Amino acid sequence: MRETAATGGLVTLRLTVIGTGYLGATHAACMAELGFEVLGVDVDKEKIDSLSRGELPIHEPGLPELLRKHTESGRLRFTTSFEEAGAFGDVHFIAVGTPQRAGEHAADMTYVDASVTAIARAATKDSLIVGKSTVPVGSARRLKSLVAEESRDGVTVNFAWNPEFLREGFAVEDTLRPDRLVIGTDSEAAEATLREVYADAISRKTPFISTDFETAELVKVAANAFLATKISFINAFSEVTETVGGNIRTLADAIGLDARIGRRFLNAGIGFGGGCLPKDIRALQARVSELGLDSTMRFLNEVDEVNLRRRDRAVHVAETLLGTVEGKRIAVLGVAFKPNSDDVRDSPALDVAARLFNSGADVSVYDPAANANAAKRYPRLNYVDGLATAVADADLVMVLTEWSEFVNVDPAELAAAVSHKRMFDGRNVLDHEKWNAAGWDIVSLGHKSELLDLAAAN
């Protein structure tokens, strides 16, 4: 029992978080910040040892400080032992990954199934298992049955689903101050326990939605499918404006003023990536196909194709501007799939950089956080540790991730370092008038470009 200012009362529940990757490490540290005693569990001993020392292997603003704070206080510990977790926890959060199956679109449930089975067998007292991973609809009911089969005689283990809605770069804020809480369960006791876990957020009037398993599972994939569709929608229109003319930014501003639509996620560019949106829309298509609804989510296939075409277009623009990329020096600014993250999973920026390299370009890459992760995937690229080094003697500079360092750079200062003042704004975030005034030729997706027409003619 612990008195805590965060919850304004006594915290009695002890929590485990199974899986200590991006989601699990964030949830564990934030629950400790809210006053709970937390035990993180993972089969990767090296990762557990690192976290126990307060060392975080990912880039997420605010998380390293929470990790160090609560490993030092003793409120947050880590282990590889499910037996220890089963004896310790009153609530067990499942936060392991659900990657795409090799060669398929469907989600791989191996890690979720193994984690649920292990903690159900290990639980030595009445407790609650809560899934947070993104899973195919129907998984929660199956897993609830699995828990009933695997838990010990005389031990009651309830089950619930509580999807996460974290934005990389804002995960601490999203966990401590969520914009909504969704709980899927058929147990009043499970709901009551989770209301206790999230008492701090509920006290601040955070919407709390209690529903069935299926709705809770679908909320997360529906949100991701909608966001992916919105991004591909504006990128599809950018294909039109690149051909007929018009200003894609003004178009986005105008439709974004409609309260039914909103402006967010309407920046035309090289598309979405990361560990969630691409795999989740593919897994959703696979799941509805299994359910006999083959045509229901067919539009998501086109969403995916529009997204991938943006990468092709970025490479085509570079080839058109340079005549050929072979032997040309190209500075790629940003390879994380989004700013404030070191995540390069399915990153369109890294994919474009690799394609240019494979076509013979001399590619120099700088990302404020993601160089190391990118180098593990594409080690042959030239990774440098600063903006000035990246652009030195460049024939073309490409902003592919909208880090503030790139958005706010002085074009006049950059001009002195490059070989040719050519800029590709891959995220539609630069002030084109400002760059033109500094003597730069600048091109972005969604704009019909006389510069590209002239280069193509030559």
Side-chain angles (χ1 to χ4, degrees), residues 21-23 96-112 131-140 161 163-169 171 174 180 182 184 213-239 261-262 264-314 336-338 341 343-352 401 427 445:
Y22 177 82
L23 167 60
V96 297
T98 52
Q100 273 184 245
R101 290 183 202 158
E104 301 180 34
H105 280 177
D108 184 348
M109 290 288 290
T110 301
Y111 305 113
V112 173
K132 292 196 70 67
S133 307
T134 304
V135 297
V137 63
S139 300
W161 211 261
E164 56 87 10
F165 303 103
L166 304 188
R167 299 166 297 161
E168 292 197 34
D174 289 344
R180 78 278 206 196
V182 177
F213 288 123
E214 290 79 11
T215 303
E217 291 167 317
L218 285 170
V219 167
K220 175 59 185 292
V221 294
N224 281 353
F226 185 85
L227 293 178
T229 301
K230 192 172 184 180
I231 295 166
S232 282
F233 173 88
I234 199 64
N235 281 332
F237 265 91
S238 78
E239 295 180 0
I261 298 172
R264 295 189 65 199
F265 295 95
L266 285 179
N267 271 354
I270 61 171
F272 59 81
C276 292
L277 264 63
K279 79 172 180 67
D280 288 351
I281 64 171
R282 294 164 191 160
L284 178 57
Q285 292 177 79
R287 180 57 179 148
V288 297
S289 180
E290 292 172 354
L291 295 171
L293 304 172
D294 295 271
S295 62
T296 302
M297 293 292 169
R298 191 174 293 163
F299 73 93
L300 289 177
N301 186 59
E302 185 59 30
V303 166
D304 204 6
E305 289 183 3
V306 169
N307 187 55
L308 295 175
R309 283 204 302 271
R310 294 290 78 197
R311 306 177 188 194
D312 298 335
R313 180 62 177 166
F337 88 94
K338 63 175 289 186
S341 171
D343 194 344
V344 296
R345 291 175 294 175
D346 210 347
S347 166
L350 183 55
D351 186 29
V352 169
T401 307
R427 294 294 184 179
L445 298 180

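Numbering starts at 1 and runs along the sequence shown. Everything numeric here is computed off the predicted structure, so don't read it as measured data.
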Participant: So how far is it from F265 CZ to F233 CZ, rounded to the nearest 0.5 Å?
Facilitator: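 One gets 16.0 Å once the value is rounded to the nearest 0.5 Å.
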
Participant: Nearest 0.5 Å, what's the CG-NE2 distance between L284 and H105?
Facilitator: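 Those atoms lie 12.0 Å apart.
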
Participant: Starting at CD1 of I281, measure out to CG of D304 and round the result to the nearest 0.5 Å.
Facilitator: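 Output value for this atom pair is 4.0 Å.
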
Participant: For G97 versus V112, what's the shortest heavy-atom pair and its separation?
Facilitator: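 Heavy-atom minimum between the residues: O-CG2, 4.3 Å.
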
Participant: Side chains of L277 and I231, heavy atoms from C-beta outward: is any pair under 4.5 Å?
Facilitator: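 Side chain of L277 against side chain of I231, heavy atoms only: contact under 4.5 Å found.
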
Participant: Using the test side chain to side chain contact (heavy atoms under 4.5 Å, CB included), find all partners of R345 that sit at least two apart in sequence or belong to another chain.
Facilitator: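 With neighbours one apart ignored, the set is E168, D343, R377.
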
Participant: What are the two closest non-hydrogen atoms of A171 and Y22, and how far apart are they?
Facilitator: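 Minimum heavy-atom separation between A171 and Y22: CB-OH, 3.1 Å.
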
Participant: My understanding is that only residues two or more places apart in sequence, or in another chain, count here; which of them pass side chain to side chain donor-acceptor pair (under 3.5 Å) with R313?
Facilitator: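 Expected list: E242.
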
Participant: Side chain to side chain donor-acceptor pair (under 3.5 Å) with R180: which residues, sequence neighbours excluded?
Facilitator: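 Side chain to side chain donor-acceptor pair (under 3.5 Å) check on R180 returns nothing, list empty.
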
Participant: side-chain contact (heavy atoms from CB on, under 4.5 Å) for I261 and L266? Distances and angles first, verdict last.
Facilitator: CA-CA 10 Å; I261 298 172; L266 285 179; 4.1 Å; yes

Participant: Rounded to the nearest 0.5 Å, how far apart are CG of L445 and CD1 of I234?
Facilitator: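 L445 CG to I234 CD1: 12.0 Å, rounded to 0.5 Å.
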
Participant: Does F299, at its CZ atom, have more than 12 non-hydrogen atoms belonging to other residues, nucleotides or ligands within less than 6.0 Å?
Facilitator: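 Yes - once you tally the heavy atoms of other residues, nucleotides and ligands closer than 6.0 Å, there are more than 12.
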
Participant: Could I get the full list of side chain to side chain donor-acceptor pair (under 3.5 Å) partners for Q285, not counting sequence neighbours?
Facilitator: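 Result, side chain to side chain donor-acceptor pair (under 3.5 Å) vs Q285: none returned.
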
Participant: Using atom types as modelled and distance alone, determine if a side-chain donor or acceptor of S347 lies under 3.5 Å from a backbone N or O of G273.
Facilitator: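 It does not hold such a pair.
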
Participant: Considering residues at least two apart in sequence or located in another chain, which fulfil the side chain to side chain donor-acceptor pair (under 3.5 Å) criterion with K220?
Facilitator: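 Here the qualifying residues are T134, E164.
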
Participant: Search all heavy atoms of R427 against all heavy atoms of P348 and return the closest pair with its distance.
Facilitator: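 Closest heavy-atom pair between R427 and P348: NH2-CG, 3.6 Å.
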
Participant: Is the backbone N or O of G138 less than 3.5 Å from a side-chain atom of E217, with the two atoms forming a donor-acceptor pair by type?
Facilitator: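 Indeed, once roles are kept as given, a pair shorter than 3.5 Å links the two residues.
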
Participant: Could you list the residues that satisfy side chain to side chain contact (heavy atoms under 4.5 Å, CB included) with A314, not counting sequence neighbours?
Facilitator: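 So A314 forms a side chain to side chain contact (heavy atoms under 4.5 Å, CB included) with I270, V352, F424.
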
Participant: State, to 0.1 Å, how close V182 and P163 come at their nearest heavy-atom pair, and which atoms those are.
Facilitator: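 Closest pair (atom of V182, atom of P163, distance): O-CD, 3.4 Å.
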
Participant: Who pairs with P278 by side chain to side chain contact (heavy atoms under 4.5 Å, CB included), at least two apart in sequence or on another chain?
Facilitator: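 Per chain and number, P278 pairs via side chain to side chain contact (heavy atoms under 4.5 Å, CB included) with F272, R282, D346.
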
Participant: Could you report the tightest heavy-atom contact between D174 and F165, atom names first, then the distance?
Facilitator: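 D174 and F165 have their closest heavy atoms at OD2-O, 3.9 Å.
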
Participant: Is there a side-chain contact between R311 and L308 (heavy atoms, below 4.5 Å)?
Facilitator: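 A side-chain contact under 4.5 Å exists here.
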
Participant: For F237, does the CZ atom sit with more than 12 other heavy atoms under 6.0 Å from it, leaving out its own atoms?
Facilitator: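 Atom CZ in F237 is not packed in, count stays at 12 or less.
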
Participant: How would you list all residue pairs meeting side-chain hydrogen bond (donor to acceptor under 3.5 Å, both in side chains) that involve residues 226-238, not counting sequence neighbours?
Facilitator: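 Checked against side-chain hydrogen bond (donor to acceptor under 3.5 Å, both in side chains) - neighbours excluded - the pairs reaching residues 226-238 are S238-R310.
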
Participant: Please check if the side chain of E302 supplies one atom and the backbone of V306 the other of a donor-acceptor pair under 3.5 Å.
Facilitator: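 Checking the backbone N and O of V306 against the side chain of E302, no donor-acceptor pair under 3.5 Å is found.
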
Participant: Under the salt bridge (Lys or Arg N to Asp or Glu O under 4.0 Å) test, which residues partner R298, sequence neighbours left out?
Facilitator: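 Result, salt bridge (Lys or Arg N to Asp or Glu O under 4.0 Å) vs R298: none returned.
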
Participant: Within a strict 4.5 Å, meaning less than it, do heavy atoms of the M297 and R287 side chains meet?
Facilitator: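 A side-chain contact is absent here, since even the closest heavy-atom pair is not under 4.5 Å.
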
Participant: For residues T296 and L291, determine if any side-chain heavy atom of one lies less than 4.5 Å from a side-chain heavy atom of the other.
Facilitator: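 They are not in side-chain contact.
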
Participant: List the residues meeting salt bridge (Lys or Arg N to Asp or Glu O under 4.0 Å) with D294, not counting sequence neighbours, and say none if there are none.
Facilitator: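 Per chain and number, D294 pairs via salt bridge (Lys or Arg N to Asp or Glu O under 4.0 Å) with no residue.
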
Participant: Suppose we screen for side chain to side chain contact (heavy atoms under 4.5 Å, CB included). Which residues come up paired with T215, at least two apart in sequence or across chains?
Facilitator: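 T211, D212, V219.
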
Participant: Write down the atom of A336, the atom of S341, and the distance for their closest heavy-atom approach.
Facilitator: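 Taking every non-hydrogen atom into account, CB-O, 3.2 Å.
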
Participant: With rounding to the nearest 0.5 angstrom, report the NZ to OG1 distance, K338 to T401.
Facilitator: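 If I round to the nearest 0.5 Å, the distance is 11.5 Å.
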
Participant: Taking only residues two or more places apart in sequence, or in another chain, which ones meet Y111 in a ring pair (Phe, Tyr, Trp, His ring centres under 6.0 Å)?
Facilitator: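 Partners of Y111 under the ring pair (Phe, Tyr, Trp, His ring centres under 6.0 Å) test: none.
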
